[in-house]
Amino acid sequence: MPPLPADWPADESAARAVQDALRERVVRDESGPRPGTGHVTGVDVAYDDERDVVAAAVVVLDGASLEVVEEATAVGQVAFPYVPGLLAFREVPAVLAALDALTADPGLVVCDGYGVAHPRRCGLASHLGVLTGRPTIGVAKNPFTFAYEAPGAARGSAAPLLDGAEEVGSALRTREGVKPVFVSVGHRVTLADARAHTLHLTPRYRLPETTRRADALCRAALREATGA
DNA sequence: GCGACAG
DNA sequence: ATCTTGTCGC
């Protein structure tokens with residue numbers, strides 16, 4: 001997995017310093033593809049705790065049809081422990097390697113986790129966005145340390161995701177009557193567009209097609225690399 | 001100090 | 001994340 005920044009942190013305090021620097025480079029604009037347009041790329045990672053192996057997968061979909069355009073995977077050694085708030089340092093190296101293997105333009109990158117909805121305002125999706133210069137969003141399955149009021153039961157309903165009084169993202173209902181997902185800006189997108197993208201990617205299930213696809217692929221890659 | 005805590 | 005059977009429902 002070659003493309004790691006020279007100053008990639010070796011411990012937790014160094015990691016937090018990296019986050020504080022990357023946070024300042026996050027951009028919130030609409031320079032990425034419009035919802036339903038261009039490409040959307042799902043990224044996910046699977047682990048084998050026994051052997052400290054990590055497998056990352058990236059799946060590029062057509063933004064309009066949601067059909068698969070290209071896939072890539074990367075396998076390597078786990079380089080950082082799981083620490084709440086420092087997830088990016090565990091997942092980013094393998095994901096960057098997988099992204100490097102792509103031929104197609106990734107378009108919008110959709111992460112399994114958070115962007116600026118983060119204790120230091122620099123989660124996985126923001127790390128990936130700033131390091132690659134690409135537009136990214138984060139779609140998480142759990143509210144992490146944040147608070148929210150239940151959105152309306154209809155698909156498309158949203159409610160603020162709050163860190164104290166600050167709105168850091170949205171709790172978004174992607175399926176009627178089903179637990180919402182938690183959306184936040186990663187890089188080069190607005191929160192409203194992050195929500196719109198998420199709704200385009202969830203025509204049928206709670207989770208975006210991008211992450212469903214990437215999840216299945218990284219598990220398969222891990223099985224192939226390990227065994228069973 | 002204790003508990004909570006994306007994946 | 002990962003360990004795991006059957007089961008209710010479209």
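All chains are named by letter (A, B, ...) in the order of the sequence lines, taking the proteins before the strands, and each is independently numbered beginning at 1. Every heavy atom of this structure was used, including side-chain atoms; hydrogens, water molecules and symmetry mates were not.
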DNA chain B contacts among residues 122-130 of chain A, heavy-atom distance under 4.0 Å: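 Result for residues 122-130 of chain A: A:G123, A:L124, sorted by number.
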Answer yes or no: is there an ion pair linking [X] with [Y], defined by an N-O contact shorter than 4.0 Å?
{"X": "A:D193", "Y": "A:R34", "value": "yes"}
{"X": "A:D49", "Y": "A:R90", "value": "yes"}
{"X": "A:R23", "Y": "A:D20", "value": "yes"}
{"X": "A:K141", "Y": "A:D112", "value": "yes"}

DNA chain B base-pair string [pairs: Watson-Crick or G-U under 3.5 Å; |: paired with another strand]: .......
Would you give the length of the straight line joining atom [atom1] of [X] to atom [atom2] of [Y], rounded to the nearest 0.5 angstrom?
{"X": "A:D48", "Y": "A:L222", "atom1": "CG", "atom2": "CG", "result": "5.5 Å"}
{"X": "A:L61", "Y": "A:T210", "atom1": "CG", "atom2": "OG1", "result": "6.5 Å"}
{"X": "A:R25", "Y": "A:S126", "atom1": "CZ", "atom2": "OG", "result": "12.0 Å"}
{"X": "A:L128", "Y": "A:I137", "atom1": "CG", "atom2": "CD1", "result": "12.5 Å"}
{"X": "A:L191", "Y": "A:R28", "atom1": "CG", "atom2": "CZ", "result": "7.0 Å"}

With heavy atoms under 4.0 Å as the rule, sort [X] into base, sugar-phosphate or nothing.
{"X": "A:L86", "answer": "base"}
{"X": "A:D44", "answer": "sugar-phosphate"}
{"X": "A:G85", "answer": "base"}
{"X": "A:Y82", "answer": "base"}
{"X": "A:A46", "answer": "sugar-phosphate"}

Modelled atom types, side-chain donor and acceptor of A:R155 and A:T202, under 3.5 Å: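 Yes, side-chain donor-acceptor contact under 3.5 Å.
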Between A:S31 and A:R188: side-chain donor-acceptor atoms closer than 3.5 Å: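 Yes.
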Candidate list A:V58, A:V59, A:T41, test side chain to side chain contact (heavy atoms under 4.5 Å, CB included), partner A:E71, passing option: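 Result: among A:V58, A:V59, A:T41, A:V59 is the only option passing the side chain to side chain contact (heavy atoms under 4.5 Å, CB included) with A:E71.
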Show me the protein contacts with nucleotides 5-8 of chain C, counting only N or O atoms at under 3.5 Å.
none

Please give, in whole Å, the distance from [N] [atom2] to [X] [atom1]?
{"X": "A:D52", "N": "C:dA1", "atom1": "CG", "atom2": "P", "answer": "18 Å"}
{"X": "A:D112", "N": "C:dA1", "atom1": "CG", "atom2": "P", "answer": "6 Å"}
{"X": "A:R219", "N": "C:dA1", "atom1": "CZ", "atom2": "C1'", "answer": "9 Å"}

Ring centers of A:Y114, A:F146 separated by less than 6.0 Å: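 Under 6.0 Å, so yes.
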Pairwise side-chain contact, A:R212 with A:R204, heavy-atom cut-off 4.5 Å (strictly under):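 Side chain of A:R212 against side chain of A:R204, heavy atoms only: no contact under 4.5 Å found.
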Side-chain heavy atoms of A:D163 within contact of A:H118, under 4.5 Å: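 A:D163 does not reach A:H118 side chain to side chain.
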Segment of DNA chain B, first to last nucleotide, that comes within the 4.0 Å heavy-atom reach of chain A: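 Going 5' to 3' along DNA chain B, contacts run B:dC5 to B:dG7.
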Pairs touching residues 182-222 of chain A that satisfy ring pair (Phe, Tyr, Trp, His ring centres under 6.0 Å), sequence neighbours left out: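 Qualifying pairs: A:Y148-A:F182.
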Watson-Crick and G-U pairing of DNA chain C written in dot-bracket, each distance under 3.5 angstrom, with | for inter-strand partners: ..........
